[in-house]
Amino acid sequence: MKKRMIFVIIILNLLSAFSLFPSILTLDQAREIALENNPSLLAEKHSRQAAVWDMWDSALSMIPSASLTGSYTEYRPDFMNADEYRSYGVSVSQPIFNGGSLLLNYLMKRDQLKISEASLKKMSLSTLAEVDSKYFSVLESENLLAIARKDLDSSVLHLDIARARYEAGTLSRADLLQMQSQKANKEVSLLQIEN
């Protein structure tokens, strides 16, 4: 699940980097997408719905059950003497004593529903926390990337100044090489952040 979330966020970032999206994905949109598409969360929702149906099934088993039957038969040996037979029946059944098993079954199903709702809430909050963490991590990476680019630009400017000073004779060769080394290090850092 975590791999899928990371993959989705990376794909969304790549797509926004190539301007395929007209706007940047907001935190609320990312949360909504995660809540709608997280397979574990969808499984928890279905589990909760099953617990609701189980609770109602156990509750309805405590009330009386009724069935209605009927039949209609028409006997026509000849059209003059037509016999009709009609029969109707109603059957009502109510268990009088089951040792409280029906009530205990209902109470257990109700408790299972509460557990399922708590599990669904926990999974929702966990998903939202993970999305928030990944979203803010991406924002932090974007800020670090912007800082690294500005740092590299600053290093290029300092290197140009150092070259001018070296040609003027006011800077030693060791200092110039040190500036070139700093620029190369900042280029490597920028590439690492971009990756």
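Residues take their numbers from the sequence shown, with the count starting at 1.
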CD of Gln112 to CG of Leu107, rounded to nearest 0.5 Å, is 11.5 Å
Quick one: list whatever passes side-chain contact (heavy atoms from CB on, under 4.5 Å) with Leu128, sequence neighbours left out. Arg31, Leu35
Look up atom CG in Leu125 and atom CE in Met123, then write down how far apart they are to the nearest 0.5 Å. 11.0 Å
Could you pull out all residues at least two apart from Arg163 that satisfy side-chain contact (heavy atoms from CB on, under 4.5 Å)? Leu159, Asp160, Leu176, Gln180
Nearest 0.5 Å please: distance from the CG atom of Leu102 over to the CG atom of Leu60. 11.5 Å
Distance check, rounded to the nearest 0.5 Å: Ile147 atom CD1 versus Ser154 atom OG? 13.0 Å
Asp153: partners by side-chain contact (heavy atoms from CB on, under 4.5 Å), with sequence neighbours left out: none
Determine whether a donor-acceptor pair (N or O, by modelled atom type, separation under 3.5 Å) exists between the side chain of Asn37 and the backbone of Ile33. yes
Locate the shortest heavy-atom distance separating Glu44 from Leu120; write the atom from each residue and the value. CB-CD1, 3.7 Å
Ser101 OG to Met62 CE distance, which is reported to the nearest 0.5 Å: 10.5 Å
Could you pull out the closest heavy-atom pair between Ile193 and Ala148, with the gap in Å? CD1-CB, 3.7 Å
With hydrophobic residues grouped by side-chain heavy-atom distances under 4.5 Å, do Leu171 and Val156 end up in a single group? no
Considering all heavy atoms, the nearest Phe136-Leu27 contact: CZ-CD2, 3.9 Å
Check whether Ser189 reaches the backbone of Asn185 with its side chain - one donor and one acceptor, N or O, closer than 3.5 Å. yes
For Gln182, give me all partners under side-chain contact (heavy atoms from CB on, under 4.5 Å), at least two apart in sequence or on another chain. Gln178, Met179
Atom pair CG (Asn105) and NZ (Lys109), whose distance is rounded to the nearest 0.5 Å: 5.5 Å
Tell me, which pairs form a salt bridge (charged side-chain N to carboxylate O under 4.0 Å, His left out) where one or both residues lie in residues 170-190, sequence neighbours left out? Asp151-Lys186, Lys183-Glu187
Using residues 47-59 as the side-chain source, report each donor-acceptor pair under 3.5 Å to any protein atom, sequence neighbours left out, with the distance given to one decimal.
residue : atom : partner : partner atom : Å
Arg48   : NH2  : Glu117  : OE2          : 3.2
Ser58   : OG   : Asp54   : O            : 3.4
Ser58   : OG   : Met55   : O            : 2.8

